[in-house]
Structure formats: structure tokens, C-alpha cells
Amino acid sequence: MRVRMAPSPTGPLHIGTARTSLYNFLTARHAGGTYVLRIEDTDTARSTVDFERDIIDNLHWLGISWDEGPQVAGGDDVGPHAPYRQSERMELYAIEAKRLLEAGRAYRCWCTPDELEAVRREQQARREAPRYNGRCLSLTDAERAAFEAEGRTSVIRFRVEPEKVRFDDLIRGEVEFDNALLGDFVIVRNDGVPLYHFVVVVDDQTMEISHVIRGEDHLSNTPKHIALIRALGYREPRFGHIPLILNPDRSKMSKRKSQTAMTAYRELGYLPEAMVNFLAFLGWSPGTEEEIFSLDELVQRFEIDKVHKGGAVFDRDRLDHLNGVYIRSLTDEQLALRLRPWVPEAVADADLLRLVPLVKERLVTLGDVVALVGFAWEPDEVVASWYDRELLYPKKGGPSDARRALEGARTALEDLDDADFSADVLEQRCRQAAEAAGMKAGEFFSPLRVAVTGRTVSPPLFASLELLGRDRSLARVDDALGKLAEVPA
RNA sequence: GCCCCCAUCGUCUAGAGGCCUAGGACGCCACCCUUUCAAGGUGGAGAUCACGGGUUCGAAUCCCGUUGGGGGCACCA
């Protein structure tokens with residue numbers, strides 16, 4: 001078994017492309033087959049190396065690897081069928097196009113875009129399928145010469161046989177199309193650049209691809225490919241069309257309505273293992289009620305014929321949940337390592353490790369660490385700037401309650417030396433202080449929380465105090481007291 | 001417009017004729033735990049299996065039709 005993924009570097013790695021790549025990867029690895037990466041960059045105007053890099057990097061990030069094809073953007077190809085970039089395979093396409101031309105299975109067409117557009121409009125008016133009318137199919141030599149003399153350029157069209165085409169889709173079973181409904185489509189542009197439907201067939205043949213697994217949007221293109229395969233005398237691979245990933249409104253997932261760039265999720269702090277698990281279940285399930293799967297487990301369990309037929313909505317809530325599950329499954333040391341890119345370099349590794357327990361059960365994404373415990377590394381003045389005086393007031397209280405609590409807390413904290421400045425002792429002291437102040441614990445803790453973390457929602461208060469240490473905690477209490485001093489008692 | 005594909009809670013799904021008074025998960029609601037927020041625990045609401053016909057002793061599961069949704073019909077991929 002040889003399968004391939006064939007992304008087009010005309011944009012960053014798309015969620016849909018990633019899932020198609022994943023399904024191909026899982027199919028190949030499950031069967032012990034070979035996995036090929038081919039870069040479909042025939043659209044030279046829109047393809048860039050930067051996009052190629054984004055695609056390759058993010059596939060690697062997900063843990064997807066391949067046996068043949070470029071391993072690095074712009075890097076050398078690896079494998080017996082190199083090159084794997086279509087832009088470097090142009091001679092091959094030219095040879096095959098010539099073969100088709102000479103066999104009479106393709107012909108040159110001099111129709112201009114305007115002429116084609118006019119025909120299309122007429123057909124639509126007559127409620128017919130818009131397709132090429134075959135005008136250039138039977139031109140005399142004189143007519144061809146006349147077009148050339150006119151300065152017109154020509155494209156190459158494939159002559160489609162009006163026959164029924166059926167194939168046994170890996171996922172959908174028997175599917176039948178009538179190619180009589182198809183027009184003769186263009187396979188080489190007027191500037192000599194070959195088009196997708198043509199190159200994909202040539203490459204799949206020369207790269208000996210046995211299973212073509214791709215998005216459902218290609219299902220209706222398959223009869224074109226089969227026609228080309230037959231005309232060229234190629235072997236017909238098995239086809240499998242996987243369901244589309246959908247926007248919440250159930251249309252094909254698009255940049256316009258959803259975040260489709262894998263990089264964006266990566267930058268937000270989603271874990272690749274969560275993303276892989278999530279993507280795998282968008283259109284497939286093991287048939288049991290298990291739902292947490294590593295990439296290796298997926299390789300073992302994944303079967304292409306158990307893939308669903310219907311599209312699946314990309315549900316961010318579910319991704320978030322999975323990400324939390326994976327984050328919580330990490331050891332503190334592992335999580336600290338993952339968190340590193342989001343935490344300022346000035347924060348020492350040892351200090352980063354200390355704050356992990358405070359955030360582990362609260363992180364949805366790794367990036368959330370900043371909002372959660374930024375107070376730990378931000379200077380006191382910055383934390384003080386995060387809140388207004390009113391935020392210090394307990395739920396059903398005013399400035400005087402806040403002041404009472406903070407003063408009580410200050411006294412309690414002051415007493416402790418660094419060695420005793422631990423969550424347990426702090427809690428005990430603060431509860432005593434609350435009682436002494438005649439306040440409920442919650443009312444007493446609230447102003448202290450805001451003073452220390454700058455927010456009403458934070459990790460556990462006493463662990464936060466411990467993390468900050470005596471001096472910084474006291475300084476923040478004083479900052480808060482200072483804010484309260486601005487209002488007359 | 002034409003062709004093709006699809007159809008189980010809001011979402012992801014289990015379900016291959018009787019195990020289904022349709023199961024799980026996410027989300028939602030309530031309660032418990034609790035210094036806030038989470039995490040965790042318990043419980044709940046939520047699907048006449050799109051609809052209508054068949055087939056069958058029996059259908060979410062098979063067949064046909066309808067409806068709805070989606071995809072494709074480029075000198076993009």
C-alpha cells in the first residue's frame with residue numbers, strides 16, 4: 001500500500017488538510033504501507049515556500065511523518081520518485097500531455113475566456129450543464145493557422161468519452177457518474193502550466209500510489225481522473241472520499257467562518273496530541289466508547305472503511321475539553337516544559353515549575369498561563385494597574401470592609417518570616433485574622449486576592465501568596481491599601 | 001440549473017434486523033466539594049433515530065420515494 005497527501009502551498013496548513021493527512025497517515029501506518037508527501041505547487045502565482053514551511057512544520061508538530069517527499073521546506077526530496085514538488089516535474093507532464101495529444105485523446109483549443117463565458121451563459125439560459133461545447137475539437141488546419149495568426153494562445157483539452165464511470169469508493173461503496181455530462185476540460189493552460197486534474201493523475205501513477213484518500217469535495221472530480229487514467233493507460237488506484245469538516249452552519253469549513261489555520265491553534269497553546277485525537281474523531285470512531293487515543297493507538301485502531309459518510313462540525317468546545325484532559329495528564333515537569341514558550345524568559349525554570357500546580361487544573365490552552373499566573377512574574381506596579389479600587393470591595397461590602405480585611409491580613413502576614421510563609425500557615429493565620437476582624441472568610445479573602453493577583457479570579461489564594469513570598473505579598477497589600485486611602489473613610 | 005454524496009440529542013458519536021423504554025462524550029442546568037475560578041463527584045433536561053411508504057413475526061438498522069443539507073460542475077487546488 002502506498003498512500004499520499006498532496007497539500008497545496010497556497011496557504012497555511014488548513015485544518016481539513018491536516019485531517020486528510022492524518023487519515024492517510026493512519027491508513028498507511030496501520031497497514032505498514034508507505035506514506036508520501038507531494039507538494040502540489042502548480043499554481044505558481046499563489047504557492048510560496050513560506051506556506052510550504054508552515055505545512056511541513058505543522059504536520060511534523062502533529063506527529064505526522066512520511067517516508068518519501070521533502071522533509072524540510074525548500075529542502076531536498078527523499079525517496080525513489082523524486083522530485084516530489086510538482087513545479088519540478090514539469091517535463092514529465094509535458095511528455096504525458098504530448099502522448100495524449102498524439103493519441104487524439106486531447107486537443108488544442110483556442111477559445112478565449114470571453115467566448116467560453118458567452119457559451120456558458122447561453123447554456124445556463126437553456127438550463128443546461130455549463131460545459132465546453134467542443135468547438136475546437138474538429139478544426140481544420142487552416143482554422144488553427146488563422147487563430148495562431150491572430151495571436152491567440154491555446155490550451156490543451158482532454159477529450160472526455162461519453163461513458164458511464166463507476167468505482168468502488170473505500171468509504172462510500174459503489175458510485176456511478178455519467179461522463180457524457182462532462183465537458184472536455186482543460187489539462188494544460190495557455191502558458192504551458194498543467195492543471196490539477198491532470199498532474200494529480202500523472203503523479204499518482206508515477207509515484208505508484210495505490211490508495212487515494214482525499215476530501216469529499218473531490219468525489220465528483222474522480223470520474224475525470226478515471227477517464228484520464230484510462231486514456232493514459234495507467235493503473236487505477238482505489239479511491240476513498242472522507243467527509244468534510246464543517247462550519248457551525250454545516251457548510252464546508254472555511255477561513256471566512258472558522259479558524260482554519262493549524263498554526264493559530266498551535267500558537268494559542270493547543271497540544272498536538274489533543275488536536276490529533278480531536279481530528280481523528282471528526283469522522284471516525286473505534287466503535288467503542290473509548291475516546292482518548294494517542295497517535296500510536298490510533299495507528300493501531302484506525303480503519304479507513306469505518307470512516308463516516310456524513311460531514312462533521314468542528315466543535316471548539318470539544319477541542320478545549322480534550323486539550324484540558326491532555327494538559328492534566330502531563331507531569332508537572334512535562335507541563336513546565338510545554339509552558340516555557342508562553343512564560344517570559346526571565347522566569348527561571350525552577351520558578352516556572354513551582355507555578356505549574358497552580359495552573360494545571362485551570363488551563364484550557366497553554367496560553368492561558370499568562371492570564372492565570374502572570375501576577376507571579378509581573379512587577380508589583382503592573383499588577384496594581386490591573387484593577388480599580390472598587391474591585392477590592394468584598395461582594396457585599398465597601399471600602400471600609402476592604403480596608404479592614406487588608407489591614408488584618410497585613411498584620412497576619414507581617415508576623416511570619418520567610419520560612420513560615422507557606423500556604424498552610426498562611427491559611428490558618430488569615431482565617432484567624434478574619435475571625436478577629438469579625439468577617440466571613442470569603443469576604444476577608446476577596447480583597448486580599450485582588451491585591452495580590454490583581455484579579456477576582458485566581459489560583460488558590462494561599463498558594464499564590466506562598467509563591468510570591470513575604471515581601472512581595474506585603475508590598476501588594478500596601479499598594480491596595482494605598483488605593484483605598486484615596487477614598488475618604 | 002445539472003450531477004453526485006449525505007441524514008441518530010445543540011455538537012462529536014455508539015448502533016451492521018430483536019440486547020434500544022436508543023448508549024457515551026462535549027456543551028447546558030442543579031447539587032456536592034470549595035476562599036474565587038477550575039478540576040473532581042452525583043443527578044437532570046436534551047433524539048417521536050428528517051418525513052412517508054414498503055419488506056419482515058419484528059427496523060434507527062434493508063428497499064423505494066419525499067424533504068432537507070452538503071459538495072462538484074474554472075486556463076484554483
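What you are looking at is a predicted structure, and each value in this text was computed from that prediction instead of being measured. The sequence lines fix the lettering, A, B, ..., with proteins before strands; numbering per chain opens at 1.
Distances shorter than 4.0 Å separate none of the side-chain N or O atoms of A:Ser458 from OP1 or OP2 on B:rU36. Between A:Lys360 and the phosphate of B:rA38, there is no side-chain N or O to OP1/OP2 separation shorter than 4.0 Å. Of the side-chain N and O atoms in A:Arg250, one or more sit less than 4.0 angstrom from OP1 or OP2 of B:rU11.
No cation-pi contact links A:Arg301 to A:Phe293, judged by a cut-off of 6.0 Å to the six-membered ring centre and 45° from its axis. A cation-pi geometry, defined here as NZ or CZ lying under 6.0 Å from the six-membered ring centre and within 45° of its normal, holds between A:Arg19 and A:Tyr23.
Using a 4.0 Å heavy-atom cutoff across all strands shown, A:Thr42 reaches sugar-phosphate atoms only and no base atom. At a threshold of 4.0 angstrom between heavy atoms, the contacts of A:Ala312 are confined to the sugar-phosphate backbone, with no base atom among them. A:Pro460 comes within 4.0 angstrom of a base, heavy atoms only. Within 4.0 Å (heavy atoms only), A:Pro459 reaches at least one base atom of the nucleic acid. Counting non-hydrogen atoms under 4.0 angstrom, A:Ser8 reaches the backbone sugars and phosphates but no base. At a threshold of 4.0 angstrom between heavy atoms, the contacts of A:Asn190 include nucleobase atoms, whether or not backbone atoms are also involved. Among the heavy atoms of the strands lying under 4.0 Å from A:Leu282 are primed sugar atoms or P, OP1, OP2 only; no base atom is included. Residue A:Asp43 is classed as a sugar-phosphate contact, given heavy-atom separations below 4.0 Å to backbone atoms only. Counting any heavy atom pair closer than 4.0 Å across all strands shown, A:Glu176 reaches sugar-phosphate atoms only and no base atom. As judged by a 4.0 angstrom heavy-atom cut-off over every strand, A:Phe444 is placed among residues making no nucleic acid contact. Within the 4.0 angstrom heavy-atom criterion, only backbone atoms of the sugar-phosphate kind lie near A:Arg328; the bases stay farther away. Residue A:Gly215 is out of contact with every strand shown, counting any heavy-atom pair closer than 4.0 Å. Looking at heavy-atom distances under 4.0 Å, A:Leu182 makes no contact with the nucleic acid at all. In this structure, A:Tyr196 reaches the bases: a heavy-atom distance under 4.0 Å links it to at least one base atom across the strands shown.
Screening A:Leu219, A:Thr222, A:Thr17 against A:Arg214 for a side-chain contact (heavy atoms from CB on, under 4.5 Å) leaves a single residue, A:Thr222.
Side-chain N/O atoms of A:Arg46 and base N/O atoms of B:rA77 include no donor-acceptor pair closer than 3.5 Å. Contact annotation: side chain of A:Arg131 to base of B:rC73, donor-acceptor pair absent below 3.5 Å. For A:His321 and B:rA25, a side-chain-to-base donor-acceptor distance below 3.5 Å is absent, hydrogens and geometry of angles not being considered.
A:Asp184 and A:Tyr107 share a donor-acceptor pair across their side chains, judged by distance under 3.5 Å alone. With hydrogens and angles left out, the side-chain atoms of A:Asp114 and A:Thr112 include no donor and acceptor closer than 3.5 Å. A donor-acceptor pair shorter than 3.5 Å cannot be found between the side chains of A:Ser21 and A:Asn24.
Checking A:Lys309 against A:Glu427, the closest nucleotide of RNA chain B that is more toward the 5' end is the one next to A:Lys309. Between A:Ser446 and A:Pro130, the residue whose closest nucleotide on RNA chain B is further toward the 5' end is A:Pro130.
Nucleotide B:rU55 forms a pair with no other nucleotide shown, judged by Watson-Crick or G-U wobble geometry with both contacts under 3.5 Å. In this structure, B:rA7 forms a base pair with B:rU67, meeting either the Watson-Crick or the G-U wobble geometry with both donor-acceptor distances under 3.5 Å. Base pairing analysis places B:rC19 opposite nothing; no Watson-Crick or G-U wobble pair with both distances below 3.5 Å involves it.
B:rC9 and B:rA22 have their P atoms separated by 14 Å, with the value rounded to a whole Å. The separation of B:rG65 from B:rC5, taken at their P atoms, amounts to 12 Å, rounded to a whole angstrom. One P atom belongs to B:rA39, the other to B:rC28, and the distance between them is 9 Å to the nearest Å. When the P atom is compared between B:rG72 and B:rG10, the two are found 27 Å apart, to the nearest whole Å. When the C1' atom is compared between B:rG46 and B:rU56, the two are found 32 Å apart, to the nearest whole Å. Between B:rA38 and B:rC32, the distance separating the two C1' atoms is 16 Å to the nearest Å. If you take atom C1' in B:rC49 and the same atom in B:rA14, they sit 12 Å apart, rounded to whole Å. Using P as the reference atom, B:rC6 and B:rU48 are 23 Å apart when rounded to the nearest Å.
Considering only the side chain of A:Val186, B:rC75 comes nearest among B:rC75, B:rG70, B:rU13. In this structure, the nucleotide among B:rC12, B:rC73, B:rC75 sitting nearest to the side chain of A:Lys224 is B:rC73. Comparing B:rG71, B:rC4, B:rA77 by their closest approach to the side chain of A:Leu219 singles out B:rC4. Distances were taken from every side-chain heavy atom of A:Leu195 (C-beta onward) to each of B:rG71, B:rA14, B:rA77; the shortest belongs to B:rA77. The side chain of A:Arg189 approaches B:rC76 more closely than any other nucleotide in the set B:rA77, B:rC76, B:rC12. Proximity note for A:His218 (side chain, C-beta onward) versus B:rA77, B:rG72, B:rU13: the nearest is B:rA77. Taking only side-chain atoms of A:Asp317, from C-beta outward, the nucleotide of B:rG71, B:rC37, B:rC26 with the closest atom is B:rC26. Looking at the side chain of A:Arg362, the nearest of the listed nucleotides B:rA38, B:rG72, B:rU35 is B:rA38. Here the side chain of A:Val457 is nearest to one of B:rC37, B:rC75, B:rG72, namely B:rC37. Each of B:rA77, B:rU35, B:rU11 was ranked by its minimum atom distance to the side chain of A:Arg431; first place goes to B:rU35.
Spacing between atom CG of A:Leu181 and atom P of B:rC2 amounts to 11 Å, rounded to whole angstrom units. With rounding to whole Å, A:Asp204 atom CG is found 14 Å from B:rA77 atom C1'. Rounded to whole Å, the distance from CD on A:Glu52 to P on B:rA77 is 16 Å. Atom P of nucleotide B:rC3 and atom CZ of A:Phe185 are separated by 20 Å, given to the nearest angstrom. Residue A:Met253 contributes atom CE, which lies 16 Å from atom P of B:rU11 at whole-angstrom precision. Nucleotide B:rC76 holds its P atom 13 Å from the CD1 atom of A:Ile187, rounded to whole Å. Per the geometry, NE2 belonging to A:His308 stands 13 Å off P belonging to B:rA16, to the nearest Å.
Ion pairing of A:Lys252 with A:Glu216 is absent here, as no side-chain N (NZ or NE/NH1/NH2) approaches a carboxylate O to less than 4.0 Å. A:Lys440 has no carboxylate O lying under 4.0 Å from a charged side-chain N of A:Glu443, or vice versa, which leaves the two without a salt bridge.
The CZ atom of A:Arg256 sits 12.5 Å away from atom OG1 of A:Thr260, with the distance rounded to the nearest 0.5 Å.
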Between A:Arg389 and A:Tyr393, does the side chain to side chain contact (heavy atoms under 4.5 Å, CB included) criterion hold? Intermediate values first, please.
CA-CA 8 Å; A:Arg389 183 201 310 128; A:Tyr393 307 166; 3.3 Å; yes

